[in-house]
Amino acid sequence: MASVCFYFQVHQPYRLRHYTIFDSGTDYFDEYKNAQVCRKVAGKCYLPTNRLMLNLIREHEGRFKIAYSVTGVILEQFRAYAPEVLASFQELAQTGCVEFLAETYHHSLSFLFSPQEFAAQIAAHQQVVRELFGQTPRVFRNTELVYNNALAETIERIGGFQAILAEGADHILGWRSPNFVYRPPNTRRLKLLLKNYRLSDDIAFRFSNRGWREWPLRAEKFAQWVNAVNGNGYTVNLFVDYETFGEHQWEDTGIFDFLRHLPTEILRNRDNDFKMPSEVADTYEAVDVVDVPHLVSWADTERDLSAWLGNPMQYNAIHELYGLEDQVKAAGDPKLLACWRRLQTSDHFYYMCTKWFADGDVHKYFNPYDSPYDSYINFMNVLDHLRARCQTAPSSLRPPVLAAASA
Amino acid sequence: MRIRTLMLGWEFPPYISGGLGTACYGLTKAMSHLGMDVTFLLPRMGPLRLSGGSGATLESGLPHLRLRAVPSSLIAYGRFGNARGAHATARAGKAEESLSGPAPYGPNICEEVHRYALRVMKIAETEEFDVIHAHDWMTFPAAIGVAARSGKPLVVQIHSTEFDRSGEQVNQYVYDIERHGMHAAARVITVSNYTRNIVVSRYGVPPEKVEVVYNGIDFSDAAVAPMANGTAKRDKVVLFLGRITMQKGPEYFLYAAKRVLEKIQNVKFVMAGDGDRLYGTIDLAAWLGIGHRVFFTRFLRGADVDRAYEMADLYVMPSVSEPFGIAPLEALKHHVPVLVSKSSGIAETLRNALKVDFWDINEMANKIIAVLRHPPLQESLRANGRAEALRFRWEDSAARVNEVYLKALHVA
């Protein structure tokens, strides 16, 4: 039996506007640009791909299933800039063949810096998924698939989850295959679904690469690779950015045709099926414990955190940001808190990455800055202003406990 | 094949006053290392160090490179280049009739250029060579003459154009010589795509004839680590180092300095260099009320340059138009991070640098402040910028020049 388990990441950050040290407005975010990107990607990717998914689900009468992780910040932007996208996701949710996963509402790295913020953002995301899609997520994926043993323990402590998704990196699996279900150490019920990065990246990165031996990739060929898993694995976890369809791989690469034919080709073999992540976790027993003492992610060739925390500017910016947590919360100003949380979105730190020279253009995609230095300067200017706001927030807004302390 | 080059160049150590001389020297030295045969004709005024006289051979200290002096008062940057230049031009200017139009190079420049051409043509008759390579306009008439007489292909290299030096108020005489040289040449080398665009759009040179060869920088004498400084230093130092002329944008530096001082006080702005805008710039600093924070050192050389870099927390090149910009690479070599004008060749190729439009003084100030306030930014720019600067090797430039020669000779 080989189950294909699709999960698509749907996310766009709130990009900052150009903000100099001489600026003093609280309008940190570039509404125009964010609306523009949101609508552009909606037109090229979200809307056509959602329509295709819906058709495929109907056509295959419940045998084609997929999962999404849609961040809170993109849901807000859909509501403001492209409500039709939100409606099409809701339509997908009603088919019963689409699962929505939980993550941090702000697509943040809060797990690394603030346990209480991490828990609060998961709760906020679960709530918005419940409200919009009528389901309570039971599977968790952390921002950029950042994962280690401690994350699994934290998620089990938070409760309500039966599985976590992570990168099937070679250095954590060793000789083992990502096509089985695993267990994190020191947990009782959680299961670990690991990304089959070879097959995932064939779609996400190599699909249109004419220099690739397998180009052009057709659904039949891909189905054969999935068939080959039969007998030595349960599941093929294909975790990809949703923008792969129509944005990273443009329509003229044939990516939509590939997707259109894929379910038929996969299901041609009666031993294959599609499963949502929670179904995979329900169906298959964990075969082994995977020990991940160090952090892994799904980024770049290193599969580590170096894309977000790889240079001194990134460390400095993120430490300064989380260093403000107490002050921001003490100020008791909901607008201030919302701004601070939007600044946690991992993309802001990704823009500061200086290792593009090797890893190339993926880092540049949707990147509003000319250089990582510019992005750091801009972020720090905004943070500077935010810090000043904490100090000048009217004391009437502060929670009583602080008022009592100062009295 | 080994190509023999007759090069019409500028300064050669120890007679160097600016970037053009540095570039000529760096390039020919690397060509010599690669075994390329170069005869370098050097305009020299006054007594020569070694055996003097017309067409004398000087000691270059490098294999495959012969240096010949041509008596002439031509100097790279006209009378405003520096004190030595002013002296030379003044001497040449004696007993000269007045000349109409702007004449930053001294009143008798036309005549001197042509006198030089005649002398070079005479010397060239005693030389064996395959290619003529001329640097910037003043040598073009000589180079065109030699090319016509010898039938050998001409390669001209553009280190700066009249538009870089004079903005829109170009000297028609200079422009005509530049244009004539570019059109007479088999190949035109520019030091950046920025300059290539000017050469194509302003001089009407067919784009397929124009090749970009970036300059390099010699790291052989660089200090491995920055000099220990600053622990006791109270003030941050922002450095401008270059000729103080319209082209280099000194006034934008000062306007930005004023904005910086509105936000942080413990900053000194050091302006090292001479030029025709020096007094105007000193005046402007006073007018802006920041005279006590701006320091003028005049023209620096040798160890004084090193010392200026050692004090600096940031190097700023606010040029209005900069064909290449070796100075930022020099700063990085001295472990100083850089902020450069987008109107420059270096901005198109150096990634680990801050970049601004020269006129955008708000943004310039914003970035200066960021570097001074955030050590992680300063460190990243310093370390990554320096690592990148190391890749600008003169040997690579020389190899590219050789490719251009082969094309000019129609063997590639």
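Letters A, B, ... are given to chains in the order of the sequence lines, protein chains preceding strands, and every chain is numbered from 1. Since we're looking at a predicted model, the values are computed, not measured.
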**Message:** Could you check whether atom CD of A:Glu31 has more than 12 heavy atoms from other residues, nucleotides or ligands sitting under 6.0 Å from it?
**Reply:** no
**Request:** Report the C-alpha distance between B:Lys263 and A:Phe22 in whole Å, list the side-chain angles of each, state the deciding distance to 0.1 Å, and finish with yes or no for side-chain contact (heavy atoms from CB on, under 4.5 Å).
**Result:** CA-CA 8 Å; B:Lys263 286 285 172 185; A:Phe22 304 107; 3.7 Å; yes
**Request:** Would you check, one step at a time, whether the test side-chain contact (heavy atoms from CB on, under 4.5 Å) holds for A:Thr20 with B:Arg259?
**Result:** CA-CA 12 Å; A:Thr20 73; B:Arg259 292 293 268 151; over 6 Å; no
**Heavy-atom contact with chain B under 4.5 Å, split by part of A:Asp23** = neither
**Message:** Can you confirm whether A:Tyr81 is buried at OH, in the sense that more than 12 heavy atoms of other residues, nucleotides or ligands lie under 6.0 Å from that atom?
**Reply:** yes
**Message:** Taking atom CH2 as the centre, does A:Trp212 end up with more than 12 heavy-atom neighbours from other residues, nucleotides or ligands that are less than 6.0 angstrom away?
**Reply:** yes
**Message:** Can you list everything that forms a side chain to side chain donor-acceptor pair (under 3.5 Å) with A:Gln116? Sequence neighbours excluded, please.
**Reply:** A:Glu325
**For chain A, which residues of residues 357-376 of chain B have heavy atoms nearer than 4.5 angstrom** = B:Asn362, B:Glu363, B:Ala365, B:Asn366, B:Lys367, B:Ile369, B:Ala370, B:Arg373, B:His374, B:Pro376
**Request:** Give, for atom CZ of B:Arg351 and atom OG of A:Ser371, the distance between the pair rounded to the nearest 0.5 Å.
**Result:** 10.0 Å
**Fill in**
Contacts of A:Gln327 meeting side chain to side chain donor-acceptor pair (under 3.5 Å) (sequence neighbours excluded), chain-then-number -> none
**Request:** Give, for atom OH of A:Tyr373 and atom CG of B:Leu339, the distance between the pair rounded to the nearest 0.5 Å.
**Result:** 13.0 Å
**Complete:** Taken in chain and number order and not counting sequence neighbours, the residues that satisfy side chain to side chain donor-acceptor pair (under 3.5 Å) with A:Gln249 are A:Ser208
**Message:** If you count heavy atoms of other groups shown closer than 6.0 angstrom to OH of B:Tyr255, is the number above 12?
**Reply:** no
**Message:** How about NE2 on A:His294, more than 12 heavy atoms from neighbouring residues, nucleotides or ligands closer than 6.0 Å, or not?
**Reply:** no
**Request:** Would you check if A:Met313 and B:Ser380 make a side-chain contact, meaning some heavy-atom pair closer than 4.5 Å?
**Result:** yes
